[in-house]
Trainee: 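Encoded as structure tokens, here's the structure I'll be asking about.
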There are 2 protein chains.
Amino acid sequence: MNPKFFSLSEEKREAILNAGFHVFSQNSYKKSPMSEIADAAGISKALLFHYFHNKKELYLFLWDTCCKAMVEEMTRSGAYEQTDLFGSMDYGMKAKLRLMRQYPDIGIFAVRAFYEKDPEVSADIQNSMGQYLNAHAAKKLQKLDPEDFIPGIDLSLMYKEMYWASEGCLWEYIQRGYINVDAMEKDFRKLLEFWKSVYLRKNRETADERDAI
Amino acid sequence: MNPKFFSLSEEKREAILNAGFHVFSQNSYKKSPMSEIADAAGISKALLFHYFHNKKELYLFLWDTCCKAMVEEMTRSGAYEQTDLFGSMDYGMKAKLRLMRQYPDIGIFAVRAFYEKDPEVSADIQNSMGQYLNAHAAKKLQKLDPEDFIPGIDLSLMYKEMYWASEGCLWEYIQRGYINVDAMEKDFRKLLEFWKSVYLRKNRETADERDAI
DNA sequence: GATGAAATTGACCGATGCGGTTAACAGAGG
DNA sequence: CCTCTGTTAACCGCATCGGTCAATTTCATC
């Protein structure tokens, strides 16, 4: 790719990235034309080909940008250092929302790219995955203290359920084509409070006392 | 559309429907070629145009089939007559799974068609929506007895949370391109049991006794 | 205002794919 | 043999694709 791309103004550079994320997220790789991306970015197709020598290069650059941004934003948020489960979820949510404000379609793009089957790019995508897979979720789960939660609850299922609910909520917004990040944040906040009120063992002392009897 | 389509063998007819659901669910209307649908159905493009005079007709027929099948399957399942919340969810789930076994991509197709923006079909889609919108969810929510659930829980949020979790779970399967309905059923069952164990007020008597003290 | 380099584009190329048509083929029944 | 029905390969005209390039615009420097 042309290094001049990096000396573009941030506004223009992100316009191009977002145009790419958007177009590639709506249709498969093969059916996402460069001309459409150029139009969405407000530049000519020829200029887009000036920055990226061909379609595949742009696509893989977007994928790389996407992975790096996600990892960076998550580690920078401090979510991984939180010891409290819901605290780390809160931080992680904030990080993801911050990212979606900058790149509204980055989430959908990531999923579509991950499952893209076109042989022209699928191999490169899968190869680059190794370095980005994180085991944070599993580790987080191991560290949970069952005493903090209502008795008898299946913690791994609880974790998965919360993950699915977040995805489902996100999906509802995604489907509309544009994303209202503020409304989404409200919904996520409500979900977090709901989970805390339901899953957490509230009266730790009284529970201990009853067990002692 | 050509009435001869209905006198086709069920196997062939459903192969065509499923091919249509699949192709139209993966890309936008404009970028879903008839040739691809014909190939997926195992027939020639010319024959597909013999049954459906043009692309739009096939698309709207698929949409109509999709809406009718969903409504019919849900009412036939008896889910709406169940008084118990989790019972009706169980029945509804079974109905949807049955439908997805017959038409694996009908769910994704429905969502994509609902939000399709191409002016060639979007108007017709939206016009036909009025008759299919059901108010069952809202009614179901009104009938819930707070005494059945753990104290202080926000029932409408609980309902929404469960809905989102189901969607999120479904989404995970959808993204893979093909759908393993059996594995999905297992996951849904586990979710249902989890919700029951968490949301339901288990020891109705003991709880009342404690309150009385 | 002249100049040269860099940014940007309209127009173009060959190849491919699109929706839709048509003429021909295959086979079963009479 | 003919006819009717199901089925398809081949075709048509047009749009779109990835990618190129010569020409134009922009702009800092003199």
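Side chains included, hydrogens not; waters and symmetry mates left out as well; all remaining heavy atoms used. Proteins come first, then strands; the chains are lettered A, B, ... in the order of their sequence lines, and each starts at number 1.
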Trainee: Rounded off to whole Å, could you give me the CG-to-P distance for the A:D39 and C:dG10 pair?
Mentor: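 To the nearest whole Å, that distance equals 10 Å.
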Trainee: Nearest-Å distance, CD (A:E36) to P (D:dC17)?
Mentor: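 One finds 7 Å between P of D:dC17 and CD of A:E36, rounded.
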Trainee: Using a heavy-atom distance cut-off of less than 4.0 Å, which residues of residues 1-27 of chain A contact DNA chain C?
Mentor: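 DNA chain C contact set from residues 1-27 of chain A: A:K4, A:K12.
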Trainee: Applying salt bridge (Lys or Arg N to Asp or Glu O under 4.0 Å) as the test, list every pair that has at least one member in residues 6-21 of chain B; sequence neighbours left out.
Mentor: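 Matches after skipping sequence neighbours: none remain.
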Trainee: With rounding to the nearest 0.5 Å, note down the distance linking OG in B:S32 to CZ in B:F24.
Mentor: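 With rounding to 0.5 Å, OG (B:S32) is 5.5 Å from CZ (B:F24).
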Trainee: Salt bridge (Lys or Arg N to Asp or Glu O under 4.0 Å): which pairs involve residues 61-79 of chain A, sequence neighbours left out?
Mentor: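 For residues 61-79 of chain A, and leaving out neighbouring residues, the salt bridge (Lys or Arg N to Asp or Glu O under 4.0 Å) pairs sorted by first residue read A:D64-A:K68, A:E73-A:R76, A:E73-A:R98.
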Trainee: Please enumerate all residues that pass ring pair (Phe, Tyr, Trp, His ring centres under 6.0 Å) together with B:F52, with sequence neighbours excluded.
Mentor: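 Listed in chain order: B:F5, B:F61.
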Trainee: If a pair satisfies salt bridge (Lys or Arg N to Asp or Glu O under 4.0 Å) and one of its residues is in residues 109-133 of chain B, list it, with sequence neighbours excluded.
Mentor: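 Checked against salt bridge (Lys or Arg N to Asp or Glu O under 4.0 Å) - neighbours excluded - the pairs reaching residues 109-133 of chain B are B:K56-B:D124.
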Trainee: Taking salt bridge (Lys or Arg N to Asp or Glu O under 4.0 Å) as the test, write out the residues that go with B:D84, two or more places apart.
Mentor: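 Checked B:D84 against salt bridge (Lys or Arg N to Asp or Glu O under 4.0 Å); zero matches.
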Trainee: In whole Å, what is the span from the OH atom of A:Y51 to the C1' atom of C:dA7?
Mentor: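 Atom OH in A:Y51 sits about 7 Å away from atom C1' in C:dA7.
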Trainee: Using the side chain to side chain contact (heavy atoms under 4.5 Å, CB included) criterion, which residues pair with A:L157? Sequence neighbours excluded.
Mentor: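 Here the qualifying residues are A:D154, B:K190, B:F194.
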Trainee: With sequence neighbours excluded, tell me which residues meet salt bridge (Lys or Arg N to Asp or Glu O under 4.0 Å) with A:K196.
Mentor: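 If we apply the salt bridge (Lys or Arg N to Asp or Glu O under 4.0 Å) test to A:K196, skipping adjacent residues, the hits are A:E193.
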Trainee: Which residues satisfy the salt bridge (Lys or Arg N to Asp or Glu O under 4.0 Å) test with B:R189, sequence neighbours excluded?
Mentor: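 Partners of B:R189 by the salt bridge (Lys or Arg N to Asp or Glu O under 4.0 Å) criterion, ordered by chain and then number, come out as B:D90, B:E185.
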Trainee: Got a sec, which residues hit side chain to side chain contact (heavy atoms under 4.5 Å, CB included) with B:P33, two or more places apart in sequence or on another chain?
Mentor: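 B:P33 satisfies side chain to side chain contact (heavy atoms under 4.5 Å, CB included) with A:K31, B:S35, B:E36 only.
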Trainee: For A:K31 and A:L47, take the nucleotide of DNA chain C holding the closest heavy atom to each; which residue's nucleotide lies nearer the 5' end?
Mentor: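 Its nucleotide being nearer the 5' end, the pick is A:L47.
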Trainee: Scan nucleotides 22-27 of chain D nucleotide by nucleotide, 5' to 3', and note B when protein non-hydrogen atoms come under 4.0 Å of the base, S if they reach only the sugar-phosphate, - if neither.
Mentor: ------
Trainee: Polar atom pairs between nucleotides 20-26 of chain C and protein, under 3.5 Å, N or O only, would you list them?
Mentor:
unit_1: C:dG20; atom_1: OP2; unit_2: B:K55; atom_2: N; d: 2.9
unit_1: C:dG20; atom_1: N7; unit_2: B:K45; atom_2: NZ; d: 3.3
unit_1: C:dG20; atom_1: O6; unit_2: B:K45; atom_2: NZ; d: 2.4

